[in-house]
Asks: 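Here it is, the structure in full.
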2 protein chains.
Amino acid sequence: MVTCQDMTEPTTSAPALRGRPRSERSHQAIIAATNELLNERGFVDLTIDEVALRAKVSKTTIYRRWPTKGTLVFEAFSDQFLALQPIPSAGSLHEDLLAALRRFIKVIKGTVMGRTLAGLVAEVQRDPELAEVWRDRFVVRVRTHHRVMIDRAIERGELSDDVDAEVVLDLLYGAAYHRLLQSHLPLSDGFAQAVVDTVVAGLLTNHAGTATKGVGG
Amino acid sequence: MVTCQDMTEPTTSAPALRGRPRSERSHQAIIAATNELLNERGFVDLTIDEVALRAKVSKTTIYRRWPTKGTLVFEAFSDQFLALQPIPSAGSLHEDLLAALRRFIKVIKGTVMGRTLAGLVAEVQRDPELAEVWRDRFVVRVRTHHRVMIDRAIERGELSDDVDAEVVLDLLYGAAYHRLLQSHLPLSDGFAQAVVDTVVAGLLTNHAGTATKGVGG
DNA sequence: AGGGTACGATACGTGTCGTACCGTAAATAA
DNA sequence: TTATTTACGGTACGACACGTATCGTACCCT
C-alpha cells in the first residue's frame, strides 16, 4: 500500500500513534469504490464526491489522505497492475520478451486497466507532482522489473553487453503504449510478434562499430 | 488551415456566402493568441477566456469556431508542427530514418511543441471527439508522411516487402513518444541512434518464417 | 431597403475542485 | 477519570473554468 504520506514525505520511523488512528476500513472502502467507479465511468468521469458517496465516507476523509484524484487513482491502480506483470523465464530472450509483451497487452485489452493506464498517463502530463510519483513509483519500478529479462540474456551470453537495456524497453513498450494512446491500430497479437521479432533480430546482429552503449541516461 | 467545420462535417461544396462572413482577422488573432499562451502557460493553464482577451475577441466568437479548447489548440499546433517534419531523402533507409527521428526530437526538445504535443495526447485521452480528429488529421497524416521512407526502401529492394511499415513506425516513434510522455530518460541523440540502429538491423535480417506481414491493421 | 449571419459584451447556469468549519468519535497520556 | 490529540462526518462555501444564452450592433449579400 502506498499512502499519501509515503508519496510526498520520506517514511518516518515514528508513526506518532497518538490521537484517533486513521480507519483502515475507510481506506479499503475508498480504494474499492475508486476501482468500481473506474470500471463504470473511467478516469475522466470519476469524481471525488462520488467516490466519497460510494465508499460511505466523507469527502474530507479522502482529501486528508490523497491530495488529488490522480494520486488516489494511481494507488488504486498501480499495485493491482504490477501484480499482473510477472517476469517470464521461458528461456530465450525472444520467448521472454514476447511472453511479457503479450501479458502486458492482455491486461491492457482484457481489463479496464488499459483505459485507466491511458488516463493516468494523461493526468501525469497535467500534474507535475503526480508525474514525479508516477515516474518513481511506477515507471521506474516496472522498468526495473522488466530489465531483468535483458540482463539475464546478457549474463547467458545470448546478448552483447553493448546493448542498452533502456532502449530495448523503450522500443518494446514504447510501441505498445503508442498504440494504446493513439488508437491508430489495434494491439493485436501479430503486432506483439512483429515488434519482438524485429527488436530481437536487431539486438542479435553484431553491431560493433555503431556504439549504442550508455546512451540511456 | 483546419476549421471546426472541416473537423466535424465533410467539406460542403457550397460555402453559403450569404450574410456577414467570418472575420479572417479574428481567426488569425485567435490562433496567434493561442500560440502565445501556449508558450507562456502551456496547454493545461491556457483558458479560452484568456485567449479571447489576448486576441481582443469575444469568447463567443471562439466557441462559434472551435467547440473545445482541445480543437483550438490542435489547430494552432498541427499545421505548424507538420511543416517542420519534412521527409528526408538521404538515400539509405538508415540515414532517412535517423534524420527523420532526429528532426522529430529536435522540434520536441527545441520548441514548446514538445510540451504542447504531450498536452494534446493527454487531452485526446479525455475527449473522444478530439480523439477522432486527432487520429484522422494528425496521427494518420504524420504516419502516411513518414511511411514514404519505408516504402521507398522496399521499392529500392533494400527492404523486404514482408516488412510491416506500421510496426516500424510504432517502434521508432513509439519509443520517442514514450520518453516524451513518461520523462524517465532524455530524448538524447544517442537514443535516436540506438533506436534506428536496432530497428534497421532487425529489418535487414531475413526473417522469412516468422510472418510479420499484415498485422498492422 | 431587407434579410441573413457574425460580432461584442455580458450575464448566467453548471460542474468540480479543494478548503473551512464544527461538533463528535476514538485513541493515548497524565 | 480526565485531558489531550487526532480523525471523522456533514455541510457549506469560495474559486475557477467551462460552455450557453441573450441582445443590440456590424457587415455583406440580393
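Worth saying up front: this structure is predicted, and the values here are computed from it rather than measured. Throughout, protein chains are lettered first and strands after them, A, B, ... in sequence-line order, and every chain is numbered starting at 1.
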Asks: Does Arg64(A) offer a backbone N or O that forms a donor-acceptor pair with the side chain of Arg22(A) under 3.5 Å?
Replies: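 Yes, because the side chain of Arg22(A) sits within donor-acceptor range (under 3.5 Å) of the backbone of Arg64(A).
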Asks: dT16(C) P sits how many Å from Leu72(A) CG, rounded?
Replies: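 Nearest whole value for this atom pair: 16 Å.
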Asks: I need the CG-P distance between Asp127(A) and dC17(C), as an integer number of Å.
Replies: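 It works out to 13 Å between those atoms.
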Asks: Taking side chain to side chain donor-acceptor pair (under 3.5 Å) as the test, write out the residues that go with Gln85(B), two or more places apart.
Replies: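 Per chain and number, Gln85(B) pairs via side chain to side chain donor-acceptor pair (under 3.5 Å) with no residue.
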Asks: Suppose the criterion is side-chain hydrogen bond (donor to acceptor under 3.5 Å, both in side chains): which pairs have a residue in residues 107-122 of chain B, not counting sequence neighbours?
Replies: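 Listed once each, the pairs would be none.
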Asks: Sugar-phosphate means primed atoms, P, OP1 and OP2; the rest is base. With that split, encode nucleotides 23-30 of chain C 5' to 3' as B, S or - using protein heavy atoms under 4.0 Å.
Replies: --BBSS--
Asks: Do any of residues 40-51 of chain B sit with a heavy atom less than 4.0 Å from DNA chain D, and if so which?
Replies: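 Heavy-atom contacts with DNA chain D come from Leu46(B), Thr47(B), Ile48(B), Asp49(B).
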Asks: Taking NE2 from His27(B) and C1' from dA6(C), how many angstroms apart are they, rounded to a whole number?
Replies: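 For the pair His27(B) NE2 and dA6(C) C1', the rounded distance is 15 Å.
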Asks: Would you kindly give the CH2-to-C1' distance between Trp66(B) and dT20(D), to the nearest whole Å?
Replies: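 Going from CH2 in Trp66(B) over to C1' in dT20(D) covers 18 Å.
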Asks: Do any N or O atoms from the side chain of Arg143(A) and from the backbone of Leu169(A) form a donor-acceptor pair under 3.5 angstrom?
Replies: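 Flag not set: sc Arg143(A) to bb Leu169(A) has no pair under 3.5 Å.
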Asks: Could you check if a side-chain atom of Phe104(A) sits within less than 4.5 angstrom of a side-chain atom of Leu117(A), using non-hydrogen atoms only?
Replies: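 A side-chain contact under 4.5 Å exists here.
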Asks: Taking only residues two or more places apart in sequence or in another chain, which ones pass side chain to side chain donor-acceptor pair (under 3.5 Å) with Thr68(B)?
Replies: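 If we apply the side chain to side chain donor-acceptor pair (under 3.5 Å) test to Thr68(B), skipping adjacent residues, the hits are Thr71(B).
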Asks: Calculate the interatomic distance between Arg25(A) atom CZ and dA7(D) atom P; express it in whole Å.
Replies: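 Spelled out: CZ on Arg25(A) to P on dA7(D) is 18 Å.
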Asks: Got a list of side-chain donor-acceptor pairs under 3.5 Å for residues 118-128 of chain B, not counting sequence neighbours?
Replies:
{"residue": "Gln125(B)", "atom": "NE2", "partner": "Leu181(A)", "partner atom": "O", "Å": "2.8"}
{"residue": "Gln125(B)", "atom": "NE2", "partner": "Val121(B)", "partner atom": "O", "Å": "3.1"}
{"residue": "Asp127(B)", "atom": "OD1", "partner": "Glu129(B)", "partner atom": "N", "Å": "3.0"}
{"residue": "Asp127(B)", "atom": "OD1", "partner": "Leu130(B)", "partner atom": "N", "Å": "3.2"}

Asks: Provide, to the nearest angstrom, the distance between the CD atom belonging to Glu24(A) and the P atom belonging to dC8(D).
Replies: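 Computing the Glu24(A):CD to dC8(D):P distance gives 11 Å.
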Asks: Protein-nucleotides 8-12 of chain C N/O pairs closer than 3.5 Å?
Replies:
{"residue": "dG8(C)", "atom": "OP2", "partner": "Ser58(B)", "partner atom": "N", "Å": "3.3"}
{"residue": "dG8(C)", "atom": "OP2", "partner": "Thr61(B)", "partner atom": "OG1", "Å": "2.6"}
{"residue": "dA9(C)", "atom": "N7", "partner": "Ser58(B)", "partner atom": "OG", "Å": "3.1"}
{"residue": "dA9(C)", "atom": "N6", "partner": "Thr60(B)", "partner atom": "OG1", "Å": "3.1"}
{"residue": "dT10(C)", "atom": "O4", "partner": "Thr60(B)", "partner atom": "OG1", "Å": "3.4"}

Asks: Over the length of the helix from dA1(C)-dT30(D) to dA30(C)-dT1(D), how much do the five-pair end axes diverge, rounded to 10 degrees?
Replies: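 Overall, the helix from dA1(C)-dT30(D) to dA30(C)-dT1(D) bends by 10° from one end axis to the other.
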Asks: If a pair satisfies salt bridge (Lys or Arg N to Asp or Glu O under 4.0 Å) and one of its residues is in residues 37-52 of chain B, list it, with sequence neighbours excluded.
Replies: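 Every pair satisfying salt bridge (Lys or Arg N to Asp or Glu O under 4.0 Å) with a residue in residues 37-52 of chain B: Glu40(B)-Arg54(B), Arg41(B)-Glu50(B), Asp49(B)-Lys59(B).
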Asks: Please determine whether a side-chain nitrogen or oxygen atom of Arg65(B) lies at a distance below 4.0 Å from atom OP1 or OP2 of dC7(C).
Replies: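 Answer is yes, contact under 4.0 Å.
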Asks: Is the Trp134(B)-His184(A) ring centre distance short of 6.0 angstrom?
Replies: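 Between His184(A) and Trp134(B), which both carry aromatic rings, the centre distance is not below 6.0 Å.
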Asks: Would you please name every residue forming a side chain to side chain donor-acceptor pair (under 3.5 Å) with Arg20(B), sequence neighbours left out?
Replies: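 Listed in chain order: nothing, the list is empty.
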Asks: Anything under 30° is parallel, anything over 60° is perpendicular, the rest tilted; go ahead and classify Phe138(B) against Phe74(B).
Replies: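 It falls in the perpendicular class, over 60°.
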Asks: What residues form a ring-ring contact (aromatic ring centres under 6.0 Å, His included) with Phe43(A), not counting sequence neighbours?
Replies: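 For Phe43(A), no residue satisfies ring-ring contact (aromatic ring centres under 6.0 Å, His included) once neighbours in sequence are set aside.
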Asks: For the rings on His146(A) and Tyr173(A), is their centre-to-centre separation under 6.0 Å?
Replies: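 For His146(A) and Tyr173(A), the ring centres are under 6.0 Å apart.
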Asks: For Thr61(A), enumerate each residue passing the side chain to side chain donor-acceptor pair (under 3.5 Å) test, keeping only those at least two apart in sequence or located in another chain.
Replies: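 Here no residue qualifies.
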Asks: Rounding to an integer number of Å, can you tell me how far Tyr63(B) OH sits from dT22(D) P?
Replies: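 Computing the Tyr63(B):OH to dT22(D):P distance gives 18 Å.
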Asks: Find the distance Lys69(A):NZ to dT16(C):C1' and express it as a whole number of Å.
Replies: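 Result: 9 Å.
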